Every structure is written in structure tokens, then in C-alpha cells.
There are 2 protein chains.
Amino acid sequence: MTTTIAPQGRTELRRPDRTPVRVLVVDDEAPLAELLSMALRYEGWEVRSAGDGAGAVRAARDFRPDAVVLDVMLPDMDGLSVLGRLRREYADVPVLFLTARDAVEDRIAGLTAGGDDYVTKPFSLEEVVARLRGLIRRSGSAVAAGRSESTLVVGDLVLDEDSHEVSRGGQSIHVTATEFELLRFLMRNPRRVLSKAQILDRVWNYDFGGQANVVELYISYLRKKIDAGRTPMIHTRRGAGYLIKPGE
Amino acid sequence: MTTTIAPQGRTELRRPDRTPVRVLVVDDEAPLAELLSMALRYEGWEVRSAGDGAGAVRAARDFRPDAVVLDVMLPDMDGLSVLGRLRREYADVPVLFLTARDAVEDRIAGLTAGGDDYVTKPFSLEEVVARLRGLIRRSGSAVAAGRSESTLVVGDLVLDEDSHEVSRGGQSIHVTATEFELLRFLMRNPRRVLSKAQILDRVWNYDFGGQANVVELYISYLRKKIDAGRTPMIHTRRGAGYLIKPGE
DNA sequence: CCCGTGTCTGTGAATTGCCTGAGAAAGCTG
DNA sequence: CAGCTTTCTCAGGCAATTCACAGACACGGG
């Protein structure tokens, strides 16, 4: 039997005429840096990566990134020193920190005051991409991180990536964090079948080791909230995956 | 092992003016690599193959493929290391992973996140070709893998490979996963007789051991769905096979 | 016009894939 | 720390799908 899984797609095209957004990834865990780079390239961004603080500073110098993804735990110097050096010569670049969940929240909190942001490890790729997009959009250094709006619209369904608000037909709907990310991923790929594996890859944390049927479960949750009563927008393609599209 | 065989024409002449799409196949099971290579050449692509990771990296260097088909289980290094090396010197090449069905959960996690894709063994050739086509189309490195749209059209029959939707004369038609693949194969070869053996080879998994009359059965299913009432588009050539063409 | 081979299709059984309720565990909030 | 929310596992149940089988049918050569 053939498992049919949909090809993967991106929502928007890739600003073919503009110089691409440049992102520097700084993390000493190679596989993680690799994973991030792949995901960010897929967003149409140009990516360079460095494995330590010294390398980061060097790379920043000639790469001149529009944003930096920075692990706060690095072998040679800690993230804060790296940040200091980056800022010294390159004041405005927005930074997305990667930090362990239990790590000193306060220090990070202070840092993000400047308009930077952070995500805790383990993260989901959707999360990182979304935050980065927000940072770049707000920094304005590169005019667009692929889209100018922070709102996704499919039919009468609206999702605001900034406020995390969802509404259908004007009526506000409460969704949990996971539901939100799943819905965002679906809405960024409207009318495109997304396989359970793809969804798992993007929406769940990279170290998630659970059952693939969480996806089914959350689809079920979303349907109860989004499609309840109304014309269904979330559709199952048996043997292939799920897709969202406006009701007729 | 590195085999090079000249690209081979077929169906419509693919991009006669352009340099052909180049695909690198990496698999240590020789018969499988052979099967794949043949199928891909048949698509009009230029194929090279390698049997291990080292060979893959070497081949990539001078062959500069537009896409790579990569078995995640290789004798010398695992697929991830190969991927790493390929990416290091050749960042944007899209990769289609081949993986055992049950290995999906752990090893593949994260791989498809970057826009790559995968199929599980045993696969159908139709599946592999379709995925590869999608990857190449989206990567944009080679502008066209034969077509720019994700939609196949024959007469008033339309099949969308992204949404997995089929419609005739504007009326939407539900098809199952197998029906979808069969129809896709027919529509990709309009007005051309396809033998039952060919269909079995392309649409069913390569290890399918069943009765050859499943093809007849599924043709029958498709006819009920797409030809019902209307001018028939699926025709039988007794003793030869089937073909699809627009009604008069 | 008849027969044989090749094709079509109804029936039904086994399998697979999906949905969802119940509840355990972990996280948050006040 | 108690109570509420959220995430996730597990397992039962249902429905769609796949496929084998076998008899009916149709085409075309003689």
C-alpha cells in the first residue's frame, strides 16, 4: 500500500526581485543549527551559521545579517558577551535568543526589553520562524520578512500572529498554544495537503517523541472550535493528510 | 558505484532548449537504485547514482544535481551525515529521503522541516517522481521540472497535486489515494496507451504481489467517478492497455 | 456466427486510517 | 498548595479503502 503524503509547500513566494533577508544562526549543537538553517532557508531567507561566539562575531562582520538567532549557551563565551560584541559594531540587529526552559528567565527578560525576543528549547520550528519574522518586520531593516501583515486570513477565519487571536465570522475563538500553532501552519498553507509527518515536524518541538496521533487529536480539537456548526474548513484527505480551505 | 547514462527522451520532449534536470540517486541496494534511475531517466531527467555516502558527496561535487534522492540507511554513514555534507557545500539542493515505514518517527523527525520531503519504502515510482517534481518545482533552482503548475489538465478534467482535488467540468469529484495516483499517471501521459504492467509498476508499490487485475478494477472505479454519464475520457485498447484523452 | 481471450464489475472480507472519549500527568495561577 | 488548563497516551469504534474472487460481458479472428 502506498502512503500518499503531500508535497510540502510554502505560502508566499520568495521575493524574487529583492535581496533576500539574511539570518545568522549561532548554536554549537551542529544538528540543531542544521535543522534551523534548513527551516529558515525554506522560508526564503539566506542563512549563515556559526558554532561559537568568535565565529559569530566574525560571520556577522562580513555577512551583515538582518537578524541573529543566538543560543545563550555557547562553548567559548556566553550569549551575553556575544550580544555585546555584536551590538558594539552592529547596533540595530534584532536577536532571537535560544535558551533552556529553566534557564535564568530574568536575565533574558532584561535583554528582550530592547525589542529582541526569545524562545525556549526545545522549540518548534513554527515558533522560531514566526518570532523571527516578527523581529525582522518590526526592525524594519529589511522591509519585509516575506509578508507585511501579521494576520492570516482564510475565508472568514482570521488569525493574528501578534496577538494570537483567532476569530471566525467576527466571533472570537479561544485556542490553546498548540492549537494556535497548528492552525497557523495550516493557514499558511491553505488548500495544500499537509501530511501528519510534516505537521509534526513543524508544529511540535523538535524533540517530540510521542505518538503521531496527537496530530489527529489536535485536528479534532480545532474542528470543534473552528468548524463547530459552520461549514467545515478543515478537511481530511485520507491517506494523505489535512488541509484548510475556505468553505464554499 | 557511480553510473552515468545519457538522458533519455520520452513523452513530450522536456525542455528541449534547456539543460536537463539533474538528479542524484543515493541508495546501497543496487536493484532499487537501478529501478529508480530508470524511472527518473524516463522522466527525461539526467541521473547519476551512488551506493554510499562518500560516493554521494563525490558525485554531487562534479555532477551538481538539482535534486537528490537519498536513502537514510547507508552502509558507511547515515543519511543525516550525508545530508550535512551535501548541504555544507551545496546549500540549497532539495532532498527526497527514502526511509523504512517504521523508522519515520525518529530518524526523519525534522528532515522534512526544511522543505525537503520523504517517501517510505516500499514506494511507488509515481510517488517518487511526483514528490521529486514538487521539490524541484519549489526549489526554483531549475526553473521547471517539466511544468510550472501543480495542476494537471486534460479536457475538462482537472487534477490538483497540492490539494489532491479532482474535478470534471467544474464539478468536484472525490477519489481515494490509489485512484488519485492512477489518475495522475494517466493524466501525465494523455493520449498515450499505458499497459497494465506499466501502470502496476508505476502506481503500485514496487513490492506489490497481488493480482494484475487490480488495475482493471481501479480503472473501473475511476470510470464510474469521472466518466459517469459524460463523454468517456478513459479508453481501453484491448490487448494493449488504457489511455486518457479529452472527449471530442 | 462462434469461441476464446481479455476485460468489466458486483460482492464481500480483511485491513487500514481516522476520530474521539476518558483519564493521567504536567503546568499555571492565585 | 488547590484548582483549573493544557498536553498527551491509550484504546474502542466506525467507516473508508483495498483487494481477491468469480461470473458476466465484449471484442475480434476464424
Side-chain angles (χ1 to χ4, degrees), chain A residues 1-6 100-102 105 120 122-124 126-127 164 166 173-183 193-197 199-200 203-228 232 234-243, chain B residues 101-102 104-105 109 120 122 124 126-127 164 166 173-183 193-200 203-205 207-228 232 234-243:
Chain A
M1 202 228 84
T2 313
T3 317
T4 313
I5 304 178
R101 185 172 299 280
D102 48 338
E105 301 273 344
T120 57
F123 45 76
S124 74
E126 269 302 284
E127 186 73 43
H164 276 221
V166 174
I173 295 171
H174 169 82
V175 294
T176 71
T178 308
E179 288 163 2
F180 178 82
E181 286 208 14
L182 170 55
L183 185 57
V193 175
L194 302 168
S195 72
K196 279 186 271 197
I199 293 175
L200 220 44
V203 175
W204 267 260
N205 297 336
Y206 58 78
D207 69 345
F208 178 79
Q211 304 301 310
N213 91 329
V214 281
V215 177
E216 297 168 20
L217 187 63
Y218 273 85
I219 288 283
S220 160
Y221 290 159
L222 272 185
R223 279 181 170 145
K224 273 189 236 170
K225 294 183 176 180
I226 302 296
D227 284 346
I234 300 175
H235 304 266
T236 304
R237 288 277 174 279
R238 192 170 229 268
Y242 300 94
L243 83 160
Chain B
R101 180 176 297 280
D102 47 333
V104 174
E105 308 273 329
T120 57
S124 73
E126 200 45 26
E127 185 76 43
H164 278 219
V166 174
I173 296 171
H174 170 83
V175 295
T176 71
T178 308
E179 288 162 4
F180 180 83
E181 285 210 14
L182 170 55
L183 185 57
V193 175
L194 302 167
S195 72
K196 277 187 270 197
Q198 271 178 308
I199 294 175
L200 215 47
V203 175
W204 270 260
N205 296 336
D207 69 346
F208 178 77
Q211 306 298 311
N213 91 330
V214 281
V215 176
E216 296 167 19
L217 186 61
Y218 272 86
I219 288 283
S220 157
Y221 290 160
L222 274 185
R223 279 181 169 145
K224 269 190 252 179
K225 292 183 176 179
I226 76 174
D227 282 347
I234 300 176
H235 305 268
T236 304
R237 287 283 174 274
R238 197 182 166 80
Y242 301 94
L243 83 160

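This is a predicted model, so every value here is computed, not measured. Note: hydrogens, waters and symmetry copies are ignored here, and every other heavy atom, side chains too, is used.
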Figure out the [atom1]/[atom2] separation between [X] and [N], and round it to whole Å.
X	N	atom1	atom2	result
A/His235	C/dC19	NE2	C1'	17 Å
B/Ile234	C/dT7	CD1	C1'	14 Å
B/Lys196	C/dG6	NZ	C1'	6 Å
B/Leu222	C/dT7	CG	P	17 Å
B/Lys225	D/dT18	NZ	P	8 Å
B/Leu217	D/dT18	CG	C1'	8 Å
A/Asn213	D/dC10	CG	C1'	8 Å
B/Leu243	C/dT7	CG	C1'	15 Å

Would you indicate, yes or no, if [N] has its OP1 or OP2 atom less than 4.0 angstrom from a side-chain nitrogen or oxygen of [X]?
X	N	result
A/Thr176	D/dT5	no
A/Lys224	C/dG21	yes
B/Thr236	C/dG6	no

If you only use heavy atoms from C-beta on, which nucleotide in [options] is closest to the side chain of [X]?
X	options	answer
A/Glu216	D/dT18, C/dT20, C/dT9	C/dT20
B/Ser220	C/dT9, D/dT9, C/dG21	C/dT9
B/Val214	D/dT7, D/dC8, D/dA20	D/dA20
B/Trp204	D/dC19, C/dT20, C/dT7	D/dC19

Please state whether the base of [N] and the side chain of [X] form at least one donor-acceptor pair under 3.5 Å?
X	N	answer
B/Arg238	D/dC27	yes
A/Tyr221	C/dC19	no
A/Tyr242	C/dC18	no

Answer with base, sugar-phosphate or nothing: what part of the nucleic acid does B/Gln211 contact at a heavy-atom distance below 4.0 Å? sugar-phosphate

Under 4.0 Å, counting only non-hydrogen atoms across every strand here, what does B/Ile219 touch: a base, just sugar-phosphate, or nothing? nothing

One should read off an interatomic distance between B/Phe208 CZ and B/Leu200 CG, to the nearest 0.5 angstrom, of 6.0 Å

Mind checking whether A/Phe180 and A/His164 have parallel, tilted or perpendicular rings, split at 30° and 60°? parallel

Under 3.5 Å, is there a donor-acceptor pair between the side chain of A/Glu179 and the main chain of A/Thr176? yes

When you measure from the side chain of B/Glu216 to the backbone of B/Asn213, do you find a donor-acceptor pair of N or O atoms at a distance under 3.5 Å? no

Minimum heavy-atom separation for B/Ala228 to B/Lys224, with atom names? CB-O, 3.0 Å

